[in-house]
Amino acid sequence: MKNDLWNLTDQKVLITGATHGIGKAIADEFLRLGAEVFIVARDQDKLSSLLSTWSQEWYKAHGMTCDVTDVNQRHQLVEKIKIQWGELNVLINNVGPNFKKPFMEYSLDEYKTLIDGNMTTTFHLTQLCYPLLAVAKSASIINISGISSQKAFTGSGPYGMAKSAVESFTRSLAIELGSKNIRANAIVPGFITTPTFSKKYDEAYLQRAIDKVPLKRLGIGEDVAGLACFLAMPVSSYINGQSIIVDGGFSIYGF
């Protein structure tokens, strides 16, 4: 018997930065569960290859090249979604650049890259997508934050600032949009192994992180993807305005 509470069939989902890492894992899981997904990325070759693979598996997947940090391209993206679907059930703001250095070594341009890429992009794309979310019977906004919003790390000042702002924005959205049947929640990943993540840290650092995770392992993209799908399902319809940490327990222990 079909259980509509745990159903994503034909839900229309927009995911930014979904050709690799956490974004791709989220897109894969939504597609497996029957959703129709639209992804955006800057790399045309990766985008085309991924869409071709999904098409061969008979998934309903669409996409376009787009740098969502560019205001004009954000407008173009939302116009494309409007033409494609006319509505939107799920918006997942996943894109968010990150690099680390002591705060005294940041240039203002580097600071602006982190603030705009994580905070401004999330704010404006959500604002642009609001009319499409509002016409759906129910909708869910899922913002991908980061553990730097919860725990202090050397070199992560601007990134942590931006992700903290994303979570604050999420709570405001929950209040403003709840009466319109649009929920907003944030996912806060801890140490999630992706190709980009693995390039940033040496083995000693990663082992130090594992030692402080009660589950004694680093996370994988699917650990985040499962929660994203849950937050988009009717079964989570009373969860609103939350920042949910996915870190194996690291944040209750820490370095």
Under a 4.5 Å side-chain heavy-atom rule over Ile, Leu, Val, Met, Phe, Trp and Tyr, are [X] and [Y] clustered together?
X      : Y      : answer
Phe153 : Leu206 : yes
Ile245 : Leu218 : yes
Leu173 : Ile142 : no
Leu77  : Leu88  : yes
Phe250 : Val246 : no

Using side-chain heavy atoms (C-beta onward) and a distance below 4.5 Å, is [X] in contact with [Y]?
X      : Y      : value
Val188 : Ser149 : yes
Pro189 : Ile144 : yes
Asn94  : Ile22  : yes
Glu167 : Ser145 : yes
Leu33  : Trp6   : no
Phe30  : Gln11  : no
Thr121 : Asn93  : no
Thr19  : Asp43  : no

- Query: OH of Tyr111: more than 12 outside heavy atoms within 6.0 angstrom?
  - Reply: no

- Message: Are there over 12 heavy-atom neighbours, none belonging to His124, within less than 6.0 Å of that residue's NE2?
- Response: yes

Kindly compute the distance separating [atom1] ([X]) from [atom2] ([Y]), expressed to the nearest 0.5 Å.
X      : Y      : atom1 : atom2 : result
Phe169 : Phe123 : CZ    : CZ    : 6.0 Å
Arg183 : Ser140 : CZ    : OG    : 4.5 Å
Ile141 : Asn185 : CD1   : CG    : 9.5 Å
Ser236 : Ile244 : OG    : CD1   : 8.5 Å
Met161 : Ser148 : CE    : OG    : 12.5 Å
Gln84  : Leu132 : CD    : CG    : 12.0 Å

- Task: Check step by step if side chain to side chain contact (heavy atoms under 4.5 Å, CB included) holds for Phe191 and Ile210.
- Result: CA-CA 9 Å; Phe191 293 103; Ile210 292 171; over 6 Å; no

- Query: Can you find a side-chain donor-acceptor pair between Asp211 and Gln207 that sits under 3.5 Å?
  - Reply: yes

- Classify the side-chain pair Asn181/Lys137 by whether it contains a donor and acceptor separated by less than 3.5 Å. no

Does [X] pair with [Y] as a salt bridge, N-O distance under 4.0 Å?
X      : Y      : result
Lys60  : Asp10  : yes
Asp223 : Arg217 : yes
Glu110 : Lys101 : yes

Check: [X] side chain, [Y] main-chain N or O, donor-acceptor pair, under 3.5 Å:
X      : Y      : result
Ser164 : Gly160 : yes
Asp116 : Thr120 : no
Asn89  : Lys12  : yes

- Message: Please determine whether side chain to side chain donor-acceptor pair (under 3.5 Å) holds for the pair Asn143 and Thr122, giving the CA-CA distance in whole Å, both sets of side-chain angles, and the decisive distance to 0.1 Å.
- Response: CA-CA 8 Å; Asn143 296 323; Thr122 295; 5.0 Å; no

- Could you go through the side chain to side chain donor-acceptor pair (under 3.5 Å) check for Ser48 and Gln44 one step at a time? CA-CA 6 Å; Ser48 298; Gln44 176 64 61; 2.5 Å; yes

- Message: Run the side chain to side chain contact (heavy atoms under 4.5 Å, CB included) test on Asp70 and Val68 for me, step by step, so that the C-alpha distance in whole Å, both residues' side-chain angles and the decisive distance to 0.1 Å come before the verdict.
- Response: CA-CA 5 Å; Asp70 181 277; Val68 293; over 6 Å; no

- Item | Derivation and outcome, side chain to side chain contact (heavy atoms under 4.5 Å, CB included), residues Val37 and Ile39 | CA-CA 6 Å; Val37 168; Ile39 66 169; 3.5 Å; yes

- Item | Full working for side chain to side chain contact (heavy atoms under 4.5 Å, CB included) between His75 and Val71 | CA-CA 7 Å; His75 280 282; Val71 61; 4.0 Å; yes

- Item | Working for side chain to side chain donor-acceptor pair (under 3.5 Å), residues Ser107 and Asp109 | CA-CA 5 Å; Ser107 68; Asp109 283 343; 5.3 Å; no

